[in-house]
Amino acid sequence: MSQDNQHLVRVGLLGIGTVGGGTFTVLQRNQEEIRRRAGCGIAITMVADLNVERAKQVVGDHAEVVADARQLIANPNIDVVVELIGGYGIAKTLVMEAIAAGKHVVTANKALLAVHGTEIFAAARAKGVIVAFEAAVAGGIPIIKALREGLTANHIEWVAGIINGTTNFILSEMRDKGLDFDVVLKEAQRLGYAEADPTFDIEGVDAAHKATLLSAIAFGIPVQFDKAYVEGITKLSAADIKYAGQLGYRIKLLGIARRQASGIELRVHPTLVPQRRLIANVEGAMNAVMVQGDAVGTTMYYGKGAGSEPTASAVVADLVDIARLIDAPTDTHVPPLAFQHDSMSAAPILPIEEVVTSFYLRLRVADQTGVLAKITGILAEQNISIDAVIQREADEVSGEDGNQTDLIILTHDTKEGRMNTAIAAMQALPTVLAPIVRLRKEELA
Ligand code: HSE
């Protein structure tokens with residue numbers, strides 16, 4: 001097909017729920033501007049959805065609606081298949097079949113690509129088709145485009161992002177209202193901000209899928225979700241959010257990919273961030289990603305990470321990219337992971353014990369002479385340097401039992417393995433009365 005204004009790129013949608021409906025609406029509403037940008041028209045001409053009636057209500061007579069996805073994939077008139085089913089199951093089968101049928105693929109499916117990306121990208125390369133996935137990370141924020149193309153001059157040092165809106169909403173509410181996790185989660189579910197089964201969000205899995213994709217594009221490594229360190233927000237207490245605030249920090253669930261001399265850190269966990277950083281002030285369901293490049297310095301990208309039209313904005317951007325390249329030789333395609341497939345790096349993903357960060361520790365201790373000295377002695381033995389210590393008044397902590405207090409310690413950077421050894425030794429002290437809370441801290445400077 002040549003790129004001229006009379007031509008049409010014909011798109012088949014697999015699934016027309018929230019994002020599919022938004023994609024249809026945006027393509028319709030902005031069709032003239034999209035045509036002027038793409039150099040040809042782009043239209044959804046076929047939809048496959050098990051709920052045929054609902055799909056027909058969305059697309060009217062603009063597109064053929066079928067229940068059978070394979071009928072869509074087999075249609076020789078479809079140029080691009082947009083997969084919006086989600087998950088690793090049937091979505092994977094259909095994406096592989098679409099590639100085998102010579103269709104370009106656009107997907108918002110971060111889980112699928114983080115786990116099976118290597119196989120999918122290899123199949124696409126062999127077939128000479130594009131697999132585009134801007135919508136898979138941070139919804140409407142064009143972070144894939146920024147990292148893969150806009151920052152391509154840079155040696156990327158790290159990427160750190162709030163890439164899950166559900167958990168950022170919950171953390172914002174916990175801080176604003178001083179409430180514990182369980183209470184806020186129930187409220188978020190009642191308001192529709194959190195799904196009925198929020199496991200992937202609150203356990204950090206969704207963010208880890210996205211961080212895996214970001215790490216691959218930033219460093220030219222294969223997607224390796226299985227090696228990511230994943231810790232969610234379910235164990236966070238209102239007390240730690242409050243103490244962090246008193247020390248000048250906010251707690252955010254960050255997805256982090258960082259280059260070290262010996263390999264790549266890939267991790268998701270609640271993180272103390274200085275409250276003066278822009279990213280610490282990203283509240284509610286909003287997303288933001290920071291990228292540190294050697295040439296550009298620190299950059300930040302902010303916007304809606306989910307929702308119908310914000311995610312559709314990313315899907316349509318991929319469709320326009322494909323429309324522009326549809327007749328181009330495959331060696332002019334931008335590689336899906338930014339680096340040429342024969343120039344990928346073998347740098348290993350580091351085990352969490354090798355990760356270097358600073359820490360926030362909270363210890364419930366007996367309020368006795370010498371307790372602090374023992375604790376600081378253990379940290380010194382592990383060569384862990386202390387940045388700050390605060391001690392809460394006993395009555396703030398233990399109500400009727402005035403013999404306990406909370407010690408909060410901020411450390412300088414250390415390897416996590418050393419911190420594990422120190423925590424085990426501190427936990428064994430008879431004067432340490434409860435499990436030690438350990439949170440990681442990033443200055444993001
Ligand atoms: N559930 C995700 C979030 C959006 O809460 O950000 C889709 O990845």
Side-chain angles (χ1 to χ4, degrees), residues 15-23 82-89 91 106-117 132-144 159-174 181 184-217 223 225 228 230-234 236 251-256 268-271 279 282-290 301-315 317-318:
I16 188 155
T18 308
V19 177
T23 303
V82 178
E83 183 274 306
L84 299 171
I85 298 166
Y88 319 97
V106 173
T107 178
N109 193 336
K110 64 252 18 174
L112 175 65
L113 294 180
V115 176
H116 299 293
F133 53 96
E134 184 62 69
V137 182
I141 305 174
I143 185 61
I144 302 290
V159 181
I162 296 171
I163 44 182
N164 182 270
T166 305
T167 45
N168 203 49
F169 173 82
I170 292 172
L171 292 176
S172 299
E173 289 287 292
M174 285 174 73
F181 170 78
V184 177
L185 174 62
K186 283 208 181 76
E187 182 65 0
Q189 284 174 310
R190 197 182 65 77
L191 293 170
Y193 286 109
E195 307 208 11
D197 179 1
T199 313
F200 266 27
D201 291 319
I202 62 179
E203 297 292 0
V205 177
D206 174 74
H209 287 145
K210 296 166 181 167
T212 298
L213 293 173
L214 292 176
S215 71
I217 294 173
V223 288
F225 170 72
V230 189
E231 183 182 317
I233 63 166
T234 54
L236 265 187
I251 299 179
K252 296 292 183 187
L253 184 72
L254 291 188
I256 298 171
V268 170
H269 48 71
T271 314
I279 199 166
V282 170
E283 298 286 31
M286 300 304 283
N287 281 201
V289 183
M290 295 177 75
Y301 312 82
Y302 169 85
K304 288 185 179 153
S308 174
E309 292 205 10
T311 312
S313 168
V315 170
D318 281 344

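Remember, it's 1-based here, ligands and their atoms both numbered in the order they're listed. These values consider heavy atoms only, across backbone and side chains, with no hydrogens, waters or symmetry-generated copies. Computed from a prediction, not measured in an experiment: that's the story for all the values here.
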Residues in ring-ring contact (aromatic ring centres under 6.0 Å, His included) contact with Phe181, at least two apart in sequence or another chain: none
Side-chain (Lys210) to main-chain (Ile163) donor-acceptor, under 3.5 angstrom: yes
Exercise: identify the closest heavy-atom pair between Asn287 and Gly165: ND2-N, 3.5 Å
side-chain hydrogen bond (donor to acceptor under 3.5 Å, both in side chains) contacts touching residues 301-312 (sequence neighbours left out): Arg29-Glu309, Thr299-Tyr301
Side-chain donor/acceptor of Asp206 to backbone N/O of Phe200, under 3.5 Å: no
Residue pairs passing the salt bridge (charged side-chain N to carboxylate O under 4.0 Å, His left out) test where at least one lies in residues 189-201, sequence neighbours excluded: Glu187-Arg190
Close-range residues for ligand 1, whose non-hydrogen atoms fall below the 4.0 Å threshold: Lys110, Asn164, Gly165, Thr166, Asp201, Asp206, Lys210, Ala306
